[in-house]
Amino acid sequence: MEIMDTSPYLRNLLTNRTHVLNGSLFSAFSYGIASMAMVFINKAVIMQYAHSMTLLTLQQIATALLIHFGRVTGYTKARELNAETAKRLFPVSLFYNANVGFALASLKGVNIPMYIAIKRLTPLAVLVAGFFTGKARPTTQVTLSVILTAAGVLIAALGDFSFDLFGYNMAFISVFFQTMYLVLVEKSGAEDGLSSIEIMFYNSFLSLPFLLFLIIATGEFPNSLSILFAKSSSISFLAILILSLVMGIVLNYTMFLCTIVNSALTTTIVGVLKGVGSTTLGFVMLGGVEVHALNVIGLVINTAGGVWYSLAKYQQKKSKLPKIMSDIEGHRK
């Protein structure tokens with residue numbers, strides 16, 4: 001039987017595939033922009049307000065209140081809290097807050113270029129975690145590109161003249177926790193059918209008891225609130241703080257969306273690529289650092305690895321189209 005190219009079934013399938021690809025690119029691009037902006041905003045806030053755990057708590061409160069208001073008014077389609085779902089997502093929330101908490105702590109002593117360099121080790125950690133969680137083995141090109149990206153990180157880090165042991169340790173621990181929650185978010189989105197907004201809401205809600213305990217246990221509270229109220233008279237600080245709260249919401253949404261639509265590994269590679277611009281700006285902004293030849297060499301290698309990964313993933317998606325066409329033909333026959 002002859003197969004017509006104008007088949008509505010074929011057109012609809014190809015249209016849906018185009019929408020999926022466009023959605024994947026948009027989610028990845030949005031996360032990259034938000035992530036790059038957030039590094040500088042957090043650094044600017046931390047330079048004036050060193051109580052990182054209190055800052056994280058405020059970001060989570062703002063996120064939970066906004067999503068709750070959107071659900072009540074009908075602007076979002078997030079479902080109500082479910083005890084079983086909350087129980088399954090508790091590890092996600094725990095790892096997320098640990099990641100952000102250690103990341104903010106590392107920014108106190110590590111300059112932006114080196115902070116980004118260390119965080120770029122996350123793709124390699126996600127790749128290794130995939131082997132232990134039973135995920136399908138990535139292609140050789142994807143594996144080599146991630147390894148090349150990590151090699152560039154190590155070379156760039158050798159040129160750091162302002163080495164801060166505490167800051168480096170905090171950043172490395174942050175990489176571990178970021179890896180864990182990205183893998184869990186990807187699994188939750190696939191198995192539980194949760195949207196990025198719903199995961200955000202559960203994450204913020206579950207975070208609050210944990211964060212309130214930490215700000216009390218670490219001694220930040222109530223001194224951190226007193227300092228916050230004192231600094232709130234400064235318009236410039238207040239503007240940066242509000243921007244930090246808003247961008248915290250935007251970053252979480254785009255990060256969860258990118259992880260669900262694409263994958264945990266893609267989310268980390270997007271972070272690597274956006275780090276190119278962040279690193280370049282970080283040399284001259286918010287406490288610029290001296291440029292070393294190793295930094296430049298490492299950055300070039302790191303960028304090459306990121307571009308290689310992007311091309312490898314594009315080829316993977318492109319190679320699936322002939323198989324889909326073959327399946328369509330078999331179905332029509």
If you count the non-hydrogen atoms of other residues, nucleotides and ligands that lie under 6.0 Å from [atom1] in [X], is the total more than 12?
X      : atom1 : result
Phe237 : CZ    : yes
Phe90  : CZ    : no
Phe210 : CZ    : yes

So do [Y] and [X] actually touch side chain to side chain, heavy atoms under 4.5 Å?
X      : Y      : value
Asn203 : Leu89  : no
Phe221 : Thr54  : no
Met38  : Ser244 : yes
Tyr168 : Val110 : yes
Phe201 : Thr63  : no

Please walk me through it: do Arg71 and Ile197 pass side-chain contact (heavy atoms from CB on, under 4.5 Å)? CA-CA 10 Å; Arg71 185 177 63 80; Ile197 292 180; over 6 Å; no
To the closest 0.5 Å, what do you measure between [atom1] ([X]) and [atom2] ([Y])?
X      : Y      : atom1 : atom2 : value
Leu65  : Gln60  : CG    : CD    : 11.5 Å
Leu208 : Asn97  : CG    : CG    : 8.5 Å
Leu228 : Leu238 : CG    : CG    : 8.5 Å
Leu81  : Leu206 : CG    : CG    : 8.0 Å
Met170 : Leu165 : CE    : CG    : 9.0 Å
Ile215 : Ser224 : CD1   : OG    : 5.5 Å

Going only through I, L, V, M, F, W and Y residues with side-chain contacts under 4.5 Å, is there a path from [X] to [Y]?
X      : Y      : result
Ile61  : Val100 : no
Phe176 : Leu184 : yes
Val72  : Tyr202 : no
Phe69  : Ile67  : no
Phe229 : Met53  : yes

Non-hydrogen atoms of [X] and [Y] that approach each other most closely:
X      : Y      : answer
Tyr31  : Cys258 : CB-CB, 4.2 Å
Asn99  : Ser174 : OD1-OG, 2.6 Å
Val175 : Ala125 : CG1-CB, 4.4 Å
Met247 : Ala37  : CE-CB, 4.0 Å
Gly101 : Leu56  : N-CD2, 4.0 Å
Ser93  : Ser207 : OG-OG, 2.9 Å

Going by atom types only, do Asn252 and Tyr96 share a side-chain donor-acceptor pair under 3.5 Å?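 Indeed, the side chains of Asn252 and Tyr96 share at least one donor-acceptor pair under 3.5 Å.
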Is it true that the side chains of Ser30 and Thr254 contain a donor and an acceptor less than 3.5 Å apart?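 Side chains of Ser30 and Thr254: no pair found under 3.5 Å.
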Tell me every residue that passes side chain to side chain contact (heavy atoms under 4.5 Å, CB included) with Pro222, counting only those two or more places apart in sequence or in another chain.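 For Pro222 there are no side chain to side chain contact (heavy atoms under 4.5 Å, CB included) partners, ignoring immediate neighbours.
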Indicate the ring-plane relationship of Phe177 and Phe102, choosing parallel, tilted or perpendicular according to the 30° and 60° boundaries.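 Answer is parallel, since the angle falls under 30°.
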Which salt bridge (charged side-chain N to carboxylate O under 4.0 Å, His left out) pairs, counting each pair once, include a residue from residues 144-155, with sequence neighbours left out?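 The answer is none; no pair qualifies.
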side-chain hydrogen bond (donor to acceptor under 3.5 Å, both in side chains): pairs with one or both residues in residues 227-243, sequence neighbours excluded: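 Qualifying pairs: Ser234-Ser236.
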Any chance you could lay out the side-chain contact (heavy atoms from CB on, under 4.5 Å) test for Leu148 and Trp308, step after step, and finish with the verdict? CA-CA 9 Å; Leu148 183 64; Trp308 187 7; 4.0 Å; yes
